[in-house]
2 protein chains.
Amino acid sequence: MMDLTRKGEYAIRGIVYLAARQSDQVCLLSDIAAAVDVPQTFLAKIFQQFSKIGLVRSYRGTGGGFVLGRPPEKITLLEVVEAVEGPIIPNRCVTGEGECSRTSSCNVHPVWVKVQTQVKDILEKVTLKDLAGL
Amino acid sequence: MMDLTRKGEYAIRGIVYLAARQSDQVCLLSDIAAAVDVPQTFLAKIFQQFSKIGLVRSYRGTGGGFVLGRPPEKITLLEVVEAVEGPIIPNRCVTGEGECSRTSSCNVHPVWVKVQTQVKDILEKVTLKDLAGL
DNA sequence: CCCAAAAAGACTATTTATGTCCTGTTTAGT
DNA sequence: ACTAAACAGGACATAAATAGTCTTTTTGGG
Ligand code: SF4
Ligand code: SF4
């Protein structure tokens, strides 16, 4: 239960590697993929998602590549994980929507709320700066 | 990310319902399934798993059914969840095996260890007695 | 023996995960 | 303008996990 997928794991490895680089230096996807040992085409998809929400900035064409979208200390692990895995949802009833009719009277529900809060809290307190060892 | 499957959700609902019953009263699977709104054949598989590890005790034949294997205050939510979903593994590197060669030098690894510990801690402190409202 | 009830195993359909491949678009440099 | 480098996006493929169903067997009571 509760497992990060490969995609999530790759995403973290990739962006942490990028964070460890100088911020003014664009990185080739091929370099990142090789360095963190991830299939390049797969990592491409992941970085596209990052790019869309501004976690990274991409440059196309010759001399292109990726740079971090913000300073590493301003990007949390939670953001990275949620960018590719979606929100942290320990059970359907914590989505905010009326997913389960039992929610109001259920004694289990608050437990999942607590799990969600705690996990998000842990991941939110870790930044790419910490992870890149800066 | 981190989602309980239907199986896990059904498992909890079923065993919590059972816990709310008098301990000397055997419950029919059909009754439990109807009460917690779960397909009976699916719940059967779940309760077979429970039975194997002693979370519930089953009686076959006429007048058979299920009773809780232990007093409700002695069964934690963690046990129930792990019985059907397997161990709480936020990422492959927290299984104990040498699943990732980067583990020793990885800054992300301790985060997953912490997530695992915290989640298990929350689930372990909740018993069926709490959940059944006893 | 007959019936009730769980155990066990085979089977199926749908969705998710984990990629690959191909084509297009942008851009720097000659 | 042309070319090569590099990301963007979509279609495709395969395998595994999920969410069940169905049938048969075993067990116990009357
Ligand atoms: S934990 Fe309670 S509220 Fe949440 S899905 Fe299960 S029954 Fe519904
Ligand atoms: S978090 Fe670090 S140790 Fe864990 S799987 Fe990823 S790279 Fe390996």
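In this text the structure is predicted, and so the values were computed from the model without any measurement. Within every chain, numbering begins at 1; the chains are lettered A, B, ... in the order of the sequence lines, protein sequences first and strands thereafter.
Note on B:S51: only backbone sugar-phosphate atoms sit closer than 4.0 angstrom, heavy atoms only; bases stay farther off. Across all strands, A:F47 comes closer than 4.0 Å to no nucleic acid atom at all (heavy-atom distances). Looking at heavy-atom distances under 4.0 Å, B:T5 makes contact with sugar-phosphate atoms alone, never a base. In this structure, B:S58 reaches the sugar-phosphate backbone alone: every heavy-atom distance under 4.0 Å involves primed, P, OP1 or OP2 atoms, never a base.
Separating the OH atom of B:Y59 from the P atom of C:dA7 is a distance of 12 Å, rounded to the nearest angstrom. B:Q40 places its CD atom 7 Å from the P atom of C:dA6, with the value rounded to the nearest Å. Look at CD on A:E85: it is 11 Å from C1' on C:dT16, rounded to the nearest Å. Between the CZ atom of A:R60 and the C1' atom of C:dG24 there is a distance of 8 Å, given to the nearest Å. A straight line from CG of B:L28 to P of C:dA4 spans 12 Å, rounded to a whole angstrom. Nucleotide C:dA17 holds its P atom 9 Å from the CG atom of A:D3, rounded to whole Å.
Inter-residue side-chain proximity for B:V80 and B:I75 is flagged as met; some heavy-atom pair is nearer than 4.5 Å. Taking the side chain as every heavy atom from C-beta outward, A:V108 and A:R102 never approach each other to under 4.5 Å. Side chains of A:L55 and A:F47 form no contact here, defined as non-hydrogen atoms less than 4.5 Å apart.
A salt bridge is absent between B:E79 and B:K74; no separation between the charged side-chain nitrogens and carboxylate oxygens falls under 4.0 Å.
Taking only side-chain atoms of B:F42, from C-beta outward, the nucleotide of D:dG20, C:dT18, C:dA6 with the closest atom is D:dG20. When distances are taken from the side chain of B:T41 to each of D:dC7, D:dC22, C:dC21, the shortest belongs to D:dC22. When distances are taken from the side chain of B:P39 to each of D:dT21, C:dT20, C:dA6, the shortest belongs to D:dT21. In the set D:dA8, C:dG19, C:dA7, the nucleotide with an atom closest to the side chain of B:Q48 is C:dA7.
Nearest-nucleotide mapping onto DNA chain D: of A:G65 and B:R6, the residue sitting toward the 5' end is A:G65. Residues B:L29 and A:G8 each lie close to DNA chain C; by heavy-atom proximity, the contact nearer the 5' end of the strand is made by B:L29.
At a cut-off of 3.5 angstrom, counting only N and O atoms as typed in the model, there is a donor on one side and an acceptor on the other between the side-chain of B:T62 and the base of D:dG28. Judged by distance alone, with hydrogens and angles left aside, A:K45 brings a side-chain donor or acceptor within reach of the base of D:dG10, the pair sitting under 3.5 Å. Side-chain to base pairing of B:K7 with D:dG20: no donor and acceptor N or O lie closer than 3.5 Å to each other.
Applying the 6.0 Å contact sphere to CD of B:Q22 captures no more than 12 heavy atoms from other residues, nucleotides or ligands.
For the pair A:Y10 and C:dG19, the criterion of a side-chain N or O lying under 4.0 Å from OP1 or OP2 is met.
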